[in-house]
Structure formats: C-alpha cells, structure tokens
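Lettering of chains follows the sequences in order, A, B, ..., and the numbering in each one begins at 1. All figures in this text were calculated on a predicted structure; none of them were measured in a lab.
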Amino acid sequence: MALRFEVLGRFNRARAAHLTLPHFVCETPLFMPVGTQGTIKGLTTNQLEEIGCQIILGNTYHLALRPTSELIDELGGLHKFMNWPRAMLTDSGGFQMVSLLHLADITEKGVTFQSPVDGKPMLLTPEESIQIQNRIGADIIMALDDVVRTIITGPRIEEAMYRTLRWIDRCIAAHKRPHEQNLFGIVQGGLDPVLRDICVRGLVDRNLPGYAIGGLAGGEDKDSFWRVVAQCTAALPEDKPRYVMGVGYPLDIVVCSALGADMYDCVYPTRTARFGTALVPEGLLKLKNRAMSDDTRPIDPACACMVCKNYTRAYIHSLVTKDAMGSQLLSYHNLYYMMQLSRNLHSSIVQGRFPEFVCNFLQKMFPKGDIPEWVCNAMEVAGIDISSCCAPFPSAQD
Amino acid sequence: MSSSNSIHSSAMKFAVKAWSNGRARAGVLHLDCCPTPIDTPSLLLSTRKGLPLFISPDLLPSLPSPDSHLLHVSPLHFLEGLSMTTISKIGGLHQMLGLHEYGFAAVPRDSIQCLPEANSTNKVGASFETPCGRLLIKPAEYMEMISSLRPELWATLADEVPAWVSDKRNKTSVDRTIKWLDECIALSPTGGAVFGAIVGGSSLEERQRCAQEVARRNVSVLEYHD
C-alpha cells in the first residue's frame with residue numbers, strides 16, 4: 001500500500017477526503033484529465049498545475065506502443081518524461097479492448113491486439129500490463145480486467161466478471177512495486193446486481209489499496225448507471241478510495257459523488273473543447289454558433305480562469321475549429337471548470353453545505369426545474385433533498 | 001533617405017544608438033504600452049488572429065522579454081468570423097487579446113496564409129489569397145480595419161509584385177502604392193505610427209523613387225522584399 005485515505009467530512013454517503021499518494025496529496029472528490037499519450041492535449045504541465053490539477057491519467061496501451069514503456073523507464077519514468085510533478089494514474093489497456101475490439105481477441109491468457117502502428121500482434125496479459133505500468137511508474141495502476149460493454153447481455157458478462165477476478169490474482173503476483181505504486185481492482189459485472197456483488201466481494205477479499213467501478217459510461221441508460229454505482233459504493237470499503245471510470249459529464253460526477261464515489265476520469269472536457277463546446281454552469285455553450293459572433297461577454301462570467309478573464313465569446317468564436325488556439329483556450333477553460341467543480345465538491349462537503357451546493361448546481365443547469373428523473377431517484381437514495389429545485393409535479397400527459 | 005536618426009509619434013519613439021562601419025545600425029524602440037524598450041534589429045512574432053501560434057497568452061512571459069513583445073498582426077485574419085464593429089465594441093487589439101504590454105505591428109499580408117496576388121490587384125485595391133478565398137482590399141476598407149484594431153504600428157497598403165513582372169507592371173505597383181499611401185494617411189486614426197510601404201521589385205530606380213516619395217510624407221518606412 002502506498003497511499004493514505006483520510007475522510008475529512010461527510011454528508012450521508014458523500015465524502016470529502018485527503019488521498020495521500022507518493023507524488024501528491026490530493027483532495028477528493030476529484031476529476032482526472034486524460035493525457036493519453038503522455039500529454040493533455042492543448043495544455044502544458046505548468047498550466048495544469050496552475051488550474052489545480054492533482055492527478056492525470058496515462059494510457060498503458062498507447063504508451064506501450066509509443067514510445068514504449070522501456071524507454072520511459074530508461075528516462076526515469078513518466079513523471080520525469082512529461083515533466084509532471086504531481087500524481088499520475090495509468091489504466092491497464094483494458095478499455096482499449098472494448099474500444100478497439102475489431103483488432104482484439106480475448107482469451108484466458110490475455111488480449112491479443114493487432115498493433116495499429118505496424119500490424120504486428122501484441123499480447124497484453126495481466127502480467128505484461130502490470131510490468132508495463134511498473135515501468136511507467138504512476139502512483140496508481142489499474143488491474144487488467146475483462147471489460148464488456150453494458151449494452152451487451154448474456155453469458156459473456158458473467159464470463160468477464162469471473163475472469164476479472166482470476167486476473168486480479170495474476171496482477172497482484174506480477175506487481176513488483178507495491179510500496180511505490182497502488183494497484184486498484186476494477187469491479188465488473190455489467191448491469192447485473194448479483195454479478196456485481198460477487199465481483200465486489202472477490203476484490204475486497206484481496207485487500208487492495210483502492211477500487212474502481214468499471215464497465216460503465218459506455219452508452220447504458222442513466223437509470224441503470226446510477227443504480228450500479230450506488231450498489232458498488234454501498235458495498236465497497238469505507239476507508240478506501242472509489243473511482244468511477246470514464247465519468248464524465250459534470251452532472252454525472254455530482255450524482256456519483258452524492259452516492260459516495262471519490263475519483264473520476266474522462267476525455268470529454270478536452271474532446272468537446274476541440275469541437276468548440278465550452279462547459280458552463282447552465283450546461284454547454286457552443287461557440288461555433290453564429291449567435292456567438294458578436295457576443296462580447298466572456299464564456300462564463302462567474303469563471304475565474306485565464307480564458308474567461310481575457311476573452312470574449314466573439315473572439316473565441318472566430319478561432320474555434322479553424323485555429324489551434326481555439327482548441328487550446330477552450331480546453332484550458334473546460335479543464336479549469338472541472339477542477340473548480342472538484343474543489344467545490346470537496347469544500348462543500350467539508351464545510352457542511354453539500355446539499356446546498358447540489359441544489360445550486362441543479363438550479364443553474366435546470367432553471368425550469370425539469371431535473372431528469374434518474375437524478376431525482378439517485379438523490380433520493382443519496383438522501384439529498386432537491387425538492388426546492390424541482391418543478392411542481394407535472395400534470396398528466398395529454 | 002532621411003538623415004534623422006530618431007522618430008516620434010504618440011505611440012512610438014525610435015532612436016538609433018550605434019552604427020557599424022557599414023550600414024547596419026542598432027537602435028531602441030519605445031512603445032507606450034511596453035514596460036521596457038525593445039532593441040532593434042528586432043524580430044516580430046507571427047500571430048494568427050492576433051495570438052502567437054500555439055503559445056497561449058499566459059505562456060508568453062516565458063519567452064525572453066522584451067524581445068518577444070512585438071507581435072505582427074495581419075488585419076486580414078479577422079475577416080474570417082469577426083466583424084470590425086465587434087472588434088471596435090470590444091476595444092481593439094489590446095482588449096480583444098488580453099495582451100496589454102505587447103506592441104502590435106499591423107501589416108496586411110503574413111508570411112504563410114495571406115499572400116499578395118499581384119495578378120488580381122487593380123487600381124481599386126490590393127488582392128490577397130487568404131483561407132477565406134481571394135479578397136480585394138481597398139485603402140478605405142483597410143483603414144477601417146486599422147481604426148478598429150488600433151495597432152501601435154501599421155503599414156500602408158501596398159501593391160506588392162514578384163521580381164519577374166514586366167517593367168511596366170513594376171512601375172505601376174510603385175504608382176499605386178504611393179497613391180494608396182496618401183489615401184491611408186488621409187484616413188489614419190490618431191495614435192499609431194504609420195509605416196509607408198516601399199515597393200519597386202528589383203529595380204533600383206523604382207525603389208529609390210518610391211522611397212523618396214514615402215520620405216516626403218514624413219512617415220516611418222516599411223520595405224518589402226520578395
């Protein structure tokens with residue numbers, strides 16, 4: 001174990017904590033930007049520090065292809081290679097199994113990929129994944145799991161869940177640096193509560209430093225999504241961090257935090273920036289829209305970031321999708337927004353005003369009170385009263 | 001050539017400090033907006049819509065100062081997606097870009113994307129090949145852009161031609177450039193140092209003729225080369 005997790009404050013299931021990792025002391029709940037190829041697209045590491053980023057994510061699959069984990073190890077690990085002084089997390093390569101399935105073949109041994117760079121077969125076993133992650137040197141490494149999309153049904157999900165448990169033992173055995181790197185297990189099991197429960201118990205038995213809830217954020221309906229998160233957070237140990245992989249939208253992060261999750265990652269903020277969309281309290285602002293061309297307001301008047309302090313929507317509109325600077329500035333704002341959201345979640349829980357924060361957040365996003373039903377249901381389970389932001393009970397449908 | 005070694009305008013002061021044995025000279029440029037003076041010879045940073053490519057404004061201070069405080073701006077960049085009315089409303093380049101301690105030198109063309117199209121230039125305006133197509137820019141339109149953007153230094157509109165054009169075409173380019181010089185000066189906003197454009201291709205006589213005409217207007221000079 002190379003971490004400490006200290007809960008500072010709670011509201012029902014929600015908790016705010018200090019997560020002490022080898023490279024940084026983090027405050028949770030927190031969002032982790034994704035730096036797939038050893039870089040967050042559009043930002044320097046200085047800028048990431050300035051906006052308050054605590055942990056970033058690297059992808060084992062991509063880094064193993066280029067520049068290879070051996071080279072990274074030779075050059076002192078990924079922290080040194082990309083000049084990032086704070087915490088880092090690498091995933092196992094597992095998700096790429098799902099997203100690049102046409103190139104992959106999954107067996108008990110591991111996953112065979114056809115390398116997209118040169119077509120050569122690449123075998124990713126649990127042992128190999130952990131060895132690569134040992135060389136990369138991140139504070140948190142992820143077990144190789146057998147990931148199945150939640151939109152799939154049938155025996156494949158059960159097979160994947162049991163295989164994930166068998167692979168976790170192989171990952172633990174292969175892990176050569178348990179005092180410097182924390183191996184997290186990943187809960188699978190699709191949308192089936194029985195399978196999820198078996199998987200949680202199996203992982204908790206292995207007494208790992210932290211746990212992730214995997215296999216979500218892949219197109220399943222929101223009602224199923226929150227119920228799986230709620231079930232897992234209820235069953236996972238209180239005193240260890242809980243990471244919901246691939247989440248995501250600000251609304252999803254607020255709901256999952258209310259249900260007791262601590263860590264999140266997603267490409268969404270930076271990817272949507274490259275398409276000209278900014279994250280704002282009301283939801284989304286599409287800078288490509290013609291109406292933006294003479295709007296001299298900042299993207300978000302309430303935002304304190306460098307972009308909102310200096311630029312008008314009109315200027316950003318002239319840049320987006322045409323000039324790289326547009327992507328850079330929007331990525332900067334969107335990540336600042338996510339960092340601010342993380343800070344607000346942490347401080348509102350610590351200061352005993354989490355329900356007020358949630359209501360405020362929902363009010364801004366749904367000013368007409370049309371909060372989606374799944375959010376209302378989740379908040380009820382979380383024990384948070386959001387009736388003040390909901391519209392009066394709708395009349396019967398016509 | 002003017003024999004004075006210093007020039008003043010409301011936004012800019014320039015003085016030559018030293019000469020080599022030949023014709024090279026070292027000088028210093030003071031701009032009201034820049035906290036420290038800029039040594040010349042000096043390189044202008046290229047920009048795209050006013051911001052350096054790939055270096056966001058918060059990272060600019062990491063470049064050596066004051067040498068990186070002079071930015072080249074092409075007004076033509078803004079024709080794609082940003083109206084002059086909106087730019088005026090925002091308050092000009094400094095406000096729009098959030099770069100208050102940087103000096104802007106506006107020249108119609110840039111070195112990559114907005115290039116003079118000599119075959120399409122006519123007596124009415126200068127033609128440029130740009131990312132939003134071929135544009136004909138008249139002096140009045142150009143000066144409207146300069147008035148909205150309010151750069152510290154700006155060049156007058158020129159008829160730039162490549163070295164291989166006929167003598168007749170070359171001479172025409174000088175005539176037009178001088179005519180547009182006067183039109184630009186007549187419409188020039190207060191503040192902002194005018195740089196008169198000097199063309200003439202590889203003909204020494206035409207270059208001299210152009211330079212003499214520009215010198216008569218008592219402005220700074222901007223010499224174009226192919």
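- How far CG of B:Leu82 is from OG1 of A:Thr312: 7.0 Å, rounded to the nearest 0.5 Å.
- Atom CE of A:Met292 and atom OG1 of B:Thr86 lie 12.5 Å apart (nearest 0.5 Å).
- Closest heavy-atom contact between B:Phe54 and A:Ala324: CE2-CB, 3.5 Å.
- Within 6.0 Å of CD in B:Glu144 there are 12 or fewer heavy atoms belonging to other residues, nucleotides or ligands.
- In plain terms, the two heavy atoms of A:Ser318 and B:Gly81 that are nearest each other are CB-O, 3.8 Å.
- For a residue to count as touching a neighbouring chain, one of its non-hydrogen atoms must lie under 4.5 Å from one of that chain's; by this rule A:Lys309 does not touch chain B.
- Side chain of B:Lys89 to backbone of A:Thr296: no donor-acceptor contact under 3.5 angstrom is found.
- With a 4.5 angstrom heavy-atom cutoff, A:Asp294 touches chain B via backbone and side-chain atoms both.
- The distance from the CD atom of B:Glu80 to the NZ atom of A:Lys322 is 4.5 Å, given to the nearest 0.5 Å.
- Note that CG of A:Asn310 is 9.0 Å distant from CD of B:Gln95, once rounded to the nearest 0.5 Å.
- Here the OG1 atom belonging to A:Thr44 is positioned 7.0 Å from the CG atom belonging to B:Asp58, to the nearest 0.5 angstrom.
- Distance alone, capped at 3.5 Å, places no donor-acceptor pair between the A:Tyr311 side chain and the B:Met96 backbone.
- For B:Ile55, the part lying under 4.5 angstrom from a heavy atom of chain A is the backbone only.
- Heavy atoms closer than 4.5 Å to chain B are found nowhere in A:Ser327, neither backbone nor side chain.
- Contact check for A:Asp323 versus B:His77: no side-chain heavy atoms found under the 4.5 Å cut-off.
- By the neighbour-count criterion of 12 heavy atoms within 6.0 Å, atom CZ of B:Arg150 is sparsely surrounded, having that number or fewer from other residues, nucleotides or ligands.
- If you take CE on A:Met325 and CG on B:Leu51, they are separated by 5.0 Å, rounding to the nearest 0.5 Å.
- Within a 6.0 Å radius of CZ in A:Phe24, other residues, nucleotides and ligands contribute more than 12 heavy atoms.
- Neither the backbone nor the side chain of B:Ser83 comes within less than 4.5 Å of any heavy atom in chain A.
- The choice from B:Ile87, B:Leu99, B:Ile90 that makes the most heavy-atom pairs within less than 4.5 Å of chain A is B:Ile90.
- In this structure, chain A has a heavy atom under 4.5 Å from the backbone of B:Pro52, while its side chain stays farther away.
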